[in-house]
Amino acid sequence: MASDSNNQRRLIVVSNRLPVSLELSGDQWQSKRSAGGLATAMDPLLRQAGGLWIGWPGTDDNSPDLVNQLREEHNCIAVDLPAEIAERFYEGYSNQALWPLFHSFATRLEFDPQNWDAYGEANRRFCAAVVEQYQPGDRIWIHDYHLMLLPGMLRREIPDAPIGFFLHIPFPASDIFSLLPRGDELLNGLLGSDLIAFHTHTHLQHFRRSVRRLLGIESKLDTLDTEGRTVGLQALPIGIAPDDFLSHLKQAEAPYQGQKLIIAVDRLDYTKGLPERLRAYARLLENEPDLRGAVVLLQVAVPSRENIESYQELTDEVNRLIGEINGRFGTPQWVPVVYMYRSIPRDELVALYNRADVAWVSPLRDGMNLVAKEYVACKPQGDGVLVLSSFAGAAAEMGEALLVNPYDEERTAAAVSRALHMHHAEKRERMSALHQRVLRNNVFHWGEAFLGALEQLALKRTEAASTGPVALSEEGLLTAYRHAANRVLLLDYDGTLTSFTARPQDAGPDAELLHVLQTLAADPANHIVLISGRKVADLDKWVGHIPNLGIAGEHGARWREPGSQEWHGTPAATAWKQSVRPILDHFTDRTPGSCVEEKEFALVWHYRMAEPEFADWLAAELVAMLDGMLAETELRAYRGNKIVEVKPLAANKGAFTSALLATRPDADFLAAVGDDRTDEDMFAQMPPNAWTIHVGRETTKALYFTPDVRSVRALLTRLAKP
Ligand code: ADQ
């Protein structure tokens, strides 16, 4: 790790490729900073903050000459990847497993364990390069799917570093993601970040579902707690740098006079939907003979990943389709599809965008799609129509485009026809709104929003680390207890007073515990409530005979005051159980050793006795299934300690706690002890001066922690002593 901290909060950008193109002339490397792409976004941020770009230079030549040139001329640090690793990492796992699967092309997924190993090795080499450059205070921004293990690796090496990750491609639905071999390891890798951001809310929701399903970790809308840290989750759609396009506008010429021009610009990739577009275009010409001779489709395609077989097949298919269309409809005066199979310079691209009557952007799946935004930027006059696939991330913020399903060639052709014939006023109305938005939500705005969020989250993490739960001081608690005359104690049962047993019904209290509870409840200064998720029948059977012990079962939905025999609580609605029970029964059938428990307010699937890996996996499946089913209802499915519980949102320990505290305004000693997620609701309702005690060191809202059930019982025994 570099040690000469100069107090500057530098930015370290990490991406698979460095933004530099290299050419060998003789035995000398010529290097040129690439324009466009990510560099456009990162360069101003790097200039402002000072900083470095770490990535692979695209060659395995690691001669000092090249390394120095990259460093001195471009502020770039080259990651050394031997050719075989680079190939298996980049073309192998990244582009033949991750790329197809993340774009929902599950059948194109090719998994080779050696490629996965190379992916891990490449990520480790990136990690070493970052650690070597890192100085305290630096912020690290990692880009894209090639480097999903990197955040976790860095968190282990430099635990205090602010680490952000942005995914440029879509995150697939959780049932698709779950097909990915080693997917759980990737998720764990990502969770090393302080911030994980996606282009759209849909991608973000997919990610949350996958984390829940594969790792069993619950998340909130924009945060997730893991290993005592909070990870921020955000949807931050990328934009373009409008000036890169607007500044070229005046040089625009106007080719294709007298004809309607449709433009399509893509990297030649199967996700971009070129064959579908060509077939839809053929259909358009078939359906509307008037358009023949009056319209041109200009397809600009930049070659991509030519070493991968499926890309070569795509190139052949596109060539064949273009040949067919031009052969079938073309005349000596008219070529229906003009094909430019190369990268074209920016000013030429801008001229074409500016001239085109329609842009046809129709990926089958796309993280964002910048072509849509570039076209709109080149239309300050408000002419032109954007036809856009609803499966591009861009569709989420470009509602004025004509949205199409590219698989539906008939309707796509109709939408393009509508675009070609659209009245000027409507065009202007749609395009001006789009144009303004593209200028406003530009790439600089995106970069600043990301870094702003990253800094805040990292700051909160540092603060939280110094304010997490502290070890309980028994002496302090004992003194406060002894000086109080009006005490309230809320005690969770399973995992707090007793350890978990294989079968839930075996967890009854032993004589020692009964004795302690009895002694504490007998003290007239104490108001003690045993509060548990269990049904009241179990609790009553076990501790009901103890005079003056309050009991709250079913997470506080049904309770009895100390000293009273009367149960309170609104009668539970039960109709929903008829539809949920058969599902739980079905899971029980599939899982030897598991069982369903029926409570008054809830249904619980227990699987402590089942084969752990299989049952954990099934539990995740069950929660995913119930999530969908219960989304619009007052019920929720929760994963607890080897259980899945379905219960009403309102049945929680927090509601019980606040109601109880309202009836005890004179209490001068308040304590709550618990161990699991349901106890967090209870802690949240306790006032700041209360003794909130978590069993175990995990993240919690409690102020104190105590190691285990034994230490809780030792504490209670001391309290019970006269
Ligand atoms: P890409 O898949 O590369 O990016 P995209 O967003 O469309 O996709 O960007 C392509 C870029 O290449 C555009 O700037 C375009 O102008 C340029 N381009 C394409 N063909 C060209 C040609 N023939 N000549 C010159 N330039 C050409 C990934 C994700 C996207 C996401 C971006 C940014 O797949 O979904 O929008 O990252 O996050």
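We count ligands from 1, going down the list as the structure has it; atoms in each ligand are counted the same way. Everything quoted here is computed from the prediction, not taken from an experiment.
- Scanning all heavy atoms of the two residues, the minimum distance from K427 to M422 falls at CE-O, 3.3 Å.
- Residue Y375 does not touch ligand 1, judged by heavy-atom distances below 4.0 Å.
- Of all atoms in ligand 1, numbered sequentially from 1 with element shown, those under 4.0 Å from a heavy atom of V302 are 19 (C), 20 (N), 21 (C), 22 (C), 23 (N).
- The protein non-hydrogen atom at the shortest distance from atom 27 (C) of ligand 1 is V265 CG1, 4.1 Å.
- A salt bridge links R279 with E317: the closest approach of a Lys/Arg side-chain nitrogen to an acidic carboxylate oxygen falls below 4.0 angstrom.
- Judged as a salt bridge (charged side-chain N to carboxylate O under 4.0 Å, His left out), the pairs with a partner in residues 196-209 (not counting sequence neighbours) are, in order, R209-D627.
- Between H168 and ligand 1, a contact under 3.5 Å exists for at least one N or O pair.
- Geometrically, ligand 1 and L370 share a nitrogen or oxygen pair separated by less than 3.5 Å.
- Annotation: M368 places an N or O atom under 3.5 Å from an N or O atom of ligand 1; distance criterion only.
- For atom 33 (C) of ligand 1, the nearest protein heavy atom lies under 4.0 Å away.
- For ligand 1, one of its N or O atoms has an N or O atom of I344 under 3.5 Å away.
- Put simply, atom 21 (C) of ligand 1 has protein non-hydrogen atoms near it, under 4.0 Å away.
- Between R342 and ligand 1 there is a heavy-atom distance shorter than 4.0 Å.
- Distances below 4.0 Å separate heavy atoms of L349 from the following atoms of ligand 1: 16 (O).
- Heavy atoms of F245 stay at 4.0 angstrom or farther from ligand 1.
- The shortest contact between atom 14 (O) of ligand 1 and any protein heavy atom is with E374 OE2, 2.4 Å.
- Across every non-hydrogen atom of P242 and V438, the tightest pair is CG-O, 4.2 Å.
- Residues Q96 and R108 bring no donor and acceptor atom of their side chains to less than 3.5 Å of each other.
- Contact check for I308 versus N95: side-chain heavy atoms found under the 4.5 Å cut-off.
- Close N/O approach between G367 and ligand 1 is found [any backbone or side-chain N/O within under 3.5 Å].
- The distance from ligand 1 to the heavy atoms of Y353 drops below 4.0 Å at these ligand atoms: 16 (O).
- You'll find the ring centres of Y311 and Y270 inside the 6.0 Å limit.
- Counting only heavy atoms, the protein never gets under 4.0 Å from atom 4 (O) of ligand 1.
- Side-chain N or O atoms of T412 include one that pairs as donor or acceptor with a backbone N or O of N405 at under 3.5 Å.
- The nearest protein heavy atom to atom 12 (O) of ligand 1 is not closer than 4.0 Å.
- Classification of the F245-Y353 ring pair by plane angle, with boundaries at 30° and 60°, yields tilted.
- Listed by atom number, the atoms of ligand 1 under 4.0 Å from R267 heavy atoms are 1 (P), 2 (O), 3 (O).
- Of all atoms in ligand 1, numbered sequentially from 1 with element shown, those under 4.0 Å from a heavy atom of S343 are 22 (C), 23 (N), 24 (N), 25 (C).
- Assignment of K272 to the shell around ligand 1 is supported, since a heavy atom sits closer than 4.0 Å.
- At most 12 heavy atoms of other shown residues, nucleotides or ligands fall within 6.0 angstrom of atom CD in Q456.
- For atom 17 (C) of ligand 1, no protein non-hydrogen atom is found at a distance below 4.0 Å.
- Each of the atoms 22 (C), 23 (N) of ligand 1 lies under 4.0 Å from some heavy atom of V300.
- Side chain to side chain, S94 and W99 fail the donor-acceptor criterion of an N or O pair below 3.5 Å.
- With a 4.0 Å heavy-atom cut-off, ligand 1 is reached by no atom of L38.
- E397 pairs in a side-chain hydrogen bond (donor to acceptor under 3.5 Å, both in side chains) with only one of the listed residues (H199, K373, R437), which is K373.
- Ion pair R213/D175 not flagged as a salt bridge, since none of the NZ, NE, NH1 or NH2 atoms sits closer than 4.0 Å to an Asp/Glu carboxylate oxygen.
- In this structure, F198 has its ring center under 6.0 Å from that of F207.
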